Amino acid sequence: MTPEEIVHRWLRLVTADAELSPYLIGVDQVRLAVHLTASVTAALAGEPADAWGGLGLSEEQHRRIGDYLFGVCWAADLPEGRIARVRRAVAR
């Protein structure tokens, strides 16, 4: 699965979350997807990736968004090492 496909699925989960979706009102979804794809690409390489900074999310909400990303990576059958790199990168 490519970073673009991961982001597409990830955004669908976040958008479906009743508590998180209001943070996306008025946000340019195409631009956000490009930004998230760059962040996922960085995370898969083990680099820091704060993809959702600036939206005013609480720490709990940020963790939930991260959990959605890990779920997508896990469902895509990414190797455990890559998922671990994503988890570390997003948790920084």
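Bear in mind the structure is a predicted one, so any value in this text is a computation, not a measurement.
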Inset, instruction - Please answer: with hydrophobic residues joined when any side-chain heavy atoms are less than 4.5 Å apart, are V7 and M1 in the same cluster? - result: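 They do share one cluster, since a chain of ILVMFWY contacts under 4.5 Å joins V7 to M1.
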Legend entry - L57-V27 co-clustered via ILVMFWY side chain contacts under 4.5 Å: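 Cluster IDs for L57 and V27 match.
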Legend entry - Option among R12, E4, E5 that satisfies the side-chain contact (heavy atoms from CB on, under 4.5 Å) test with H8: R12
Inset, instruction - For R64, look at atom CZ and say whether over 12 heavy atoms of other residues, nucleotides or ligands are found less than 6.0 Å away. - result: yes
Inset, instruction - Might you confirm whether atom CD of Q29 has over 12 heavy atoms from other residues, nucleotides or ligands at distances under 6.0 Å? - result: yes
Can you find a heavy atom in the side chain of [X] that is under 4.5 Å from one in the side chain of [Y]?
| X | Y | result |
| --- | --- | --- |
| I6 | L36 | no |
| H62 | E59 | no |
| W10 | V40 | yes |

Atom pairs and distances, donor-acceptor, side-chain atoms in residues 66-77, under 3.5 Å, two or more places apart:
unit_1, atom_1, unit_2, atom_2, d
Y68, OH, D17, OD2, 2.6

Legend entry - Which atom of V86 lies closest to which atom of L44, heavy atoms considered: CG2-CD2, 3.4 Å
Legend entry - Heavy-atom closest pair, residues S21 and T15: CB-O, 3.2 Å
Legend entry - CA sep, side-chain torsions, deciding dist, call: L24, L32, side-chain contact (heavy atoms from CB on, under 4.5 Å): CA-CA 9 Å; L24 299 177; L32 177 61; 3.7 Å; yes
